[in-house]
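Order of the sequence lines sets the chain letters (A, B, ...), proteins ahead of strands, with each chain counted from 1.
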Amino acid sequence: IAPVRFDREKVFRVKPQDEKEANIIKDLAKTNELDFWYPDAAHHVAANMTVDFRVSEKESQTIQAALDQNKMHYEILIHDLQEEIEKQFDVKED
Amino acid sequence: SPDRHSYAKYKNWEKIVAWTEKMVNKHPEMVSRIKIGSTAEDNPLYVLKIGKEDERRKSVFMDCGIHAREWISPAFCQWFVYQATKTYGKNKIMTKLLDKMNFYVLPVFNVDGYIWSWTKNRMWRKNRSKNQNSKCIGTDLNRNFNASWDSFPPTGNPCDETYRGQAPESEKETKAVTAFIRSHLKSIKVYITFHSYSQVLLFPYGYTSKLPPNHEDLDKVAKISTNALSTRYETRYVYGPIESTMYRTSGSSLDWAYDLGIKHTFAFELRDKGKFGFLLPESQIKQTCKETMLAVKFIAKYILKNTS
């Protein structure tokens with residue numbers, strides 16, 4: 001199996017302001033493949049919690065449109081995950 | 001030299017195994033390696049025992065790498081062993097701790113998952129055991145402990161990242177660790193498990209909002225150790241019970257160890273707070289380890305002084 005690549009995958013940070021917004025994230029998790037970084041899983045998402053999740057390039061447009069449409073506040077922590085994976089090795093071998 | 005082990009870089013499993021052998025060879029009077037079991041894919045589970053032979057002394061059990069993608073965690077366990085052996089006889093606190101206590105360090109708990117995160121999928125979290133009647137692989141080892149295992153939240157789907165396994169301690173890795181801790185229960189006074197990320201220091205419970213009987217003591221230790229941590233680089237940690245500080249979780253090693261009778265159990269969620277998340281750059285490894293050492297040394301010192 002070739003190693004998985006994460007080209008142009010994104011990590012979103014969303015702060016649901018209330019139960020309604022928390023449920024929007026949970027619903028998005030049902031129809032999109034979201035890898036929750038914090039909290040560990042969709043069922044933990046609650047109002048006023050910082051929520052970080054990874055999403056593929058393709059689905060990120062759907063996610064962004066849904067968040068914009070619902071006027072939810074979010075930021076993109078990582079724009080290209082594969083790049084960050086390669087950049088984490090930033091110390092030369094002694 | 002080629003076999004030099006750089007603590008400022010992430011190491012794959014093969015290099016960590018070689019490092020364990022090197023530490024035993026270099027410090028035979030202080031370091032011994034115990035094979036406590038094997039994984040779903042038959043990799044060995046090694047615990048390094050740091051300290052003198054006497055098994056009756058108070059001891060600390062620390063595990064790293066229960067979640068495969070949290071690479072800073074195994075990096076800290078390696079750093080701890082390195083610092084303990086290097087500063088014994090030089091640093092007053094470490095010398096006193098090692099003269100009176102033993103440390104059991106499990107550098108990588110989820111070996112199969114860690115290997116997979118290096119070779120196939122950097123974002124992998126669970127172990128690599130096969131699940132009956134499902135194409136989905138893996139169990140979240142930190143949901144597989146017998147601590148309110150099947151209560152809320154629902155973690156019964158093998159395809160979930162937080163799948164709890166078929167039964168409590170269904171996983172070989174979990175069984176190996178619980179068997180070791182049970183057999184050393186008389187001496188183990190504190191259990192510490194290292195995760196990332198969030199910069200949080202947690203104590204029981206996760207499976208209930210009920211506070212443990214000694215929560216004031218746990219809170220005090222967490223407060224002082226996070227203060228000690230912040231003295232180095234002003235890294236701010238939040239601390240508190242899992243359930244109210246993060247969210248409700250069942251089947252965690254922390255709650256299990258506490259209910260088994262180890263009345264001081266802590267979980268570190270190491271750097272950072274999300275800028276890099278699981279992909280903390282190597283250039284932050286040393287700082288993260290140095291500051292965390294201050295907290296761990298305080299906890300050990302406190303336990304040495306305040307437990308019977």
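Within 6.0 Å of the CD atom in A/E33, the count of heavy atoms belonging to other residues, nucleotides or ligands does not exceed 12. Counting heavy atoms of neighbouring residues, nucleotides and ligands inside a 6.0 Å radius, atom NZ of B/K286 does not exceed 12 of them.
Within the 3.5 Å criterion, the main-chain N or O of A/K92 finds no donor-acceptor partner in the side chain of B/K9. Remark: side-chain polar atoms of A/D90 are paired, donor with acceptor, to backbone N or O of B/S283 under 3.5 angstrom. Here the side chain of B/K120 pairs no donor or acceptor atom with the backbone of A/A2 at under 3.5 angstrom.
When all heavy atoms of A/P39 and B/Y247 are compared, the pair lying nearest together is CB-CE2, 3.1 Å. Between B/M123 and A/R54 the shortest heavy-atom distance is CG-NE, 3.6 Å.
Ranked by heavy-atom pairs under 4.5 Å with chain A, the list B/R248, B/Q284, B/R125 is led by B/R125. For the options B/I285, B/T249, B/L279, heavy-atom pairs under 4.5 Å to chain A are most numerous at B/L279. Of the listed residues (B/E269, B/R69, B/E161), the greatest number of heavy-atom pairs within a distance under 4.5 Å of chain A belongs to B/R69.
Contact check on B/K275 versus A/D52 returns no salt bridge, with no Lys/Arg side-chain nitrogen under 4.0 Å from an Asp/Glu carboxylate oxygen.
A/H43 is listed as a side-chain neighbour of B/T155, based on a closest heavy-atom distance under 4.5 Å. With contacts defined as side-chain heavy-atom distances shorter than 4.5 Å, the pair B/W116/A/I1 qualifies. Proximity of A/K87 to B/F276: side-chain heavy atoms (C-beta onward) are nowhere separated by under 4.5 Å.
A distance of 8.0 Å separates CE of A/M49 from CE of B/M246, quoted to the nearest 0.5 Å. Note that OH of A/Y38 is 13.0 Å distant from OG of B/S196, once rounded to the nearest 0.5 Å. In this structure, the separation between CD1 on A/I85 and CZ on B/F278 is 12.0 Å, given to the nearest 0.5 Å.
Note on ring orientation: taking the six-membered ring where Trp is involved, the planes of B/Y10 and A/F89 are perpendicular (angle over 60°, cut-offs 30° and 60°).
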A/Q88 vs B/E282, side-chain contact (heavy atoms from CB on, under 4.5 Å): CA-CA, chis, key distance, verdict: CA-CA 6 Å; A/Q88 68 182 321; B/E282 288 177 331; 5.6 Å; no

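For the residue pair A/D40/B/T162, the side-chain donor-acceptor check at 3.5 Å is not satisfied.
With a 4.5 Å cut-off on non-hydrogen atoms, A/F6 touches chain B through its side chain but not through its backbone.
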